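Quantities reported herein were computed from a predicted structural model and do not represent experimental measurements. Only this structure's heavy atoms are used, side chains among them; waters, hydrogens and symmetry mates stay out. Note that the numbering runs from 1 along the sequence shown for the chain.
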Amino acid sequence: MNSKVFEYLPTVILPALWATLKIMFFSAIISMFLGLIFGTILYMTNKDGLLEKPFLNAILGKITDVLRAFPTIILIVSLAPLTRALVGSAVGTNAAIVGITFACTPFASRMIENSLQTVDIKLIKAAKSFGASNFEIIYRVLLVEALPSIISNYTILLINMLNVSTIAGAVGAGGLGAIALTYGYQRFDYGIMYFIVAILLIMVLCIQSASKLLYEKLK
């Protein structure tokens, strides 16, 4: 059976690539922003943290871990009513952004928390001795010192997000995953399926290369 890769390239595959990039971009921006907030709160409220609050930390930590433990497809499907209320539909690119953001924010939060924990406690104590406020310690000490680690962790998050976006294609999210499944696997056109795999591989390599350059510059 001859593959229809070039026939579908301009009308199906390229629009799906654009949809995947859109999903990745907006999901990444929102997940990373929320992860930065919740991860910092987890770090600050932890034992011996700048704002030690065990009860708040335990509640937020449990919510984070429960969401992380959910299988991605089940989480996206279970969020359908909320997704429909937010964007007007439970399927499509915009719906995928909502589902993937919910799926990836808990990972981003834990990654930020872990990155902040790599900062030498002596730097924090020194900043406090100079009269720095908690906000100044977060902004000028913690985030600055942890930035290389944050970049490395967020690289893993982006690659995982790409993986999640392709999985979400099986439940109406659109993008490259849906094309590989519908036009490739289900129609036995393995040329399309492996062409999509090659595109995804190139995207992963681009993410890793950009992250490595940024990491080396900031290290």
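The aromatic rings of Phe188 and Tyr190 lie perpendicular to each other, with more than 60° between the two planes, well past the 30° mark.
Separating the CD atom in Glu216 from the CD1 atom in Ile151 is a distance of 10.5 Å, to the nearest 0.5 Å. In this structure, CG on Asp189 lies 11.5 Å from OH on Tyr183, to the nearest 0.5 angstrom. From Ile97, atom CD1 reaches atom CD1 of Ile23 across 6.5 Å, with rounding to the nearest 0.5 Å. Note that CE of Met111 and OG1 of Thr155 are 9.0 Å apart. Values are rounded to the nearest 0.5 Å. Remark: Leu34 CG to Cys104 SG distance equals 11.5 Å, nearest 0.5 Å. Between the CG atom of Leu50 and the CD1 atom of Ile138 there is a distance of 7.0 Å, given to the nearest 0.5 Å.
Follow the hydrophobic side-chain contacts under 4.5 Å out from Ile29 and you reach Met161 in the same cluster. In this structure, Ile30 is not a member of the same hydrophobic cluster as Val98, with clusters built from ILVMFWY side-chain heavy atoms closer than 4.5 Å. Hydrophobic clustering keeps Phe26 apart from Val87 (ILVMFWY residues linked when any side-chain heavy atoms are closer than 4.5 Å, directly or through intermediates). No path of Ile, Leu, Val, Met, Phe, Trp and Tyr side chains, each step under 4.5 Å between heavy atoms, connects Phe102 with Val164, placing them in separate hydrophobic clusters. Under a hydrophobic clustering in which Ile, Leu, Val, Met, Phe, Trp and Tyr are joined whenever their side-chain heavy atoms come within less than 4.5 Å, directly or via other members, Leu142 and Leu36 fall into the same cluster.
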Next item on the list: Run the numbers on Leu21 and Met24 for side chain to side chain contact (heavy atoms under 4.5 Å, CB included), then give the verdict.
Entry: CA-CA 5 Å; Leu21 291 174; Met24 286 282 295; 5.6 Å; no

Check: Hey, mind stepping through Ile13 and Ile199 against side chain to side chain contact (heavy atoms under 4.5 Å, CB included) and telling me if it holds?
Finding: CA-CA 10 Å; Ile13 297 176; Ile199 293 175; 4.0 Å; yes

Note to self: Using the rule given for side chain to side chain contact (heavy atoms under 4.5 Å, CB included), can you reason through Met32 versus Leu158, listing the C-alpha separation, both sets of side-chain angles and the distance that settles it, and then say yes or no?
What the structure shows: CA-CA 10 Å; Met32 289 177 178; Leu158 282 172; 3.6 Å; yes

Checklist line | Derivation of the side chain to side chain contact (heavy atoms under 4.5 Å, CB included) call for Leu143 and Leu147 | finding: CA-CA 6 Å; Leu143 293 180; Leu147 189 56; over 6 Å; no

Note to self: With salt bridge (Lys or Arg N to Asp or Glu O under 4.0 Å) as the criterion, how do Arg68 and Asp65 come out once you've worked through the C-alpha distance, each side chain's angles and the decisive distance to 0.1 Å?
What the structure shows: CA-CA 5 Å; Arg68 280 202 308 167; Asp65 292 338; 3.2 Å; yes

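Put simply, the side chain of Ser152 gets close to the backbone of Pro148: a donor and an acceptor are under 3.5 Å apart. Although no hydrogens or angles enter the test, the distance criterion places a donor-acceptor pair under 3.5 Å between the side chain of Ser165 and the main chain of Leu162. Remark: the backbone N or O of Ile156 is not paired with any side-chain donor or acceptor of Asn160 at under 3.5 angstrom.
For residues 117-141, the set of pairs meeting the salt bridge (charged side-chain N to carboxylate O under 4.0 Å, His left out) definition, not counting sequence neighbours, is empty. Counting only residues at least two apart or on different chains, the side-chain hydrogen bond (donor to acceptor under 3.5 Å, both in side chains) pairs with a member in residues 31-46 are Thr45-Asn57.
Residue Leu157 comes nearest to Ala108 through the heavy atom pair CD2-CB, 3.8 Å, listed as atom of the first residue, atom of the second, then distance. A pairwise comparison of heavy atoms in Ile196 and Ala180 identifies CG2-CB, 3.8 Å as the closest pair. Of all the heavy atoms in Ser27 and Ala96, the pair that sits closest is OG-O, 4.5 Å. Taking both residues in full, the closest heavy atoms of Gly61 and Arg110 are given as O-NH2, 3.3 Å, listed atom of the first, atom of the second, then distance. Across all their heavy atoms, Thr93 and Ala19 have their closest contact at OG1-CB, 3.8 Å. The two residues Gly35 and Tyr154 come nearest to each other via the heavy atoms C-OH, 4.1 Å.
Applying the side chain to side chain contact (heavy atoms under 4.5 Å, CB included) test between Ile179 and each of Thr166, Ile192, Thr20 identifies Ile192 as the sole match.
Residues Gln186 and Leu181 have side chains in contact (heavy-atom distance under 4.5 Å, counting atoms from C-beta outward). Considering only heavy atoms from C-beta on, Val204 stays 4.5 Å or farther from Leu200 through its side chain. Side-chain contact between Thr83 and Ser89: absent, with no pair of heavy atoms (C-beta onward) separated by less than 4.5 Å. Between Asn153 and Ser149, the closest side-chain pair of non-hydrogen atoms falls below 4.5 Å. Ile159 has its side chain within reach of Gln208: a pair of non-hydrogen atoms, C-beta onward, lies under 4.5 Å apart.
In the displayed structure, Tyr185 atom OH is contacted under 6.0 Å by at most 12 heavy atoms of other residues, nucleotides or ligands.
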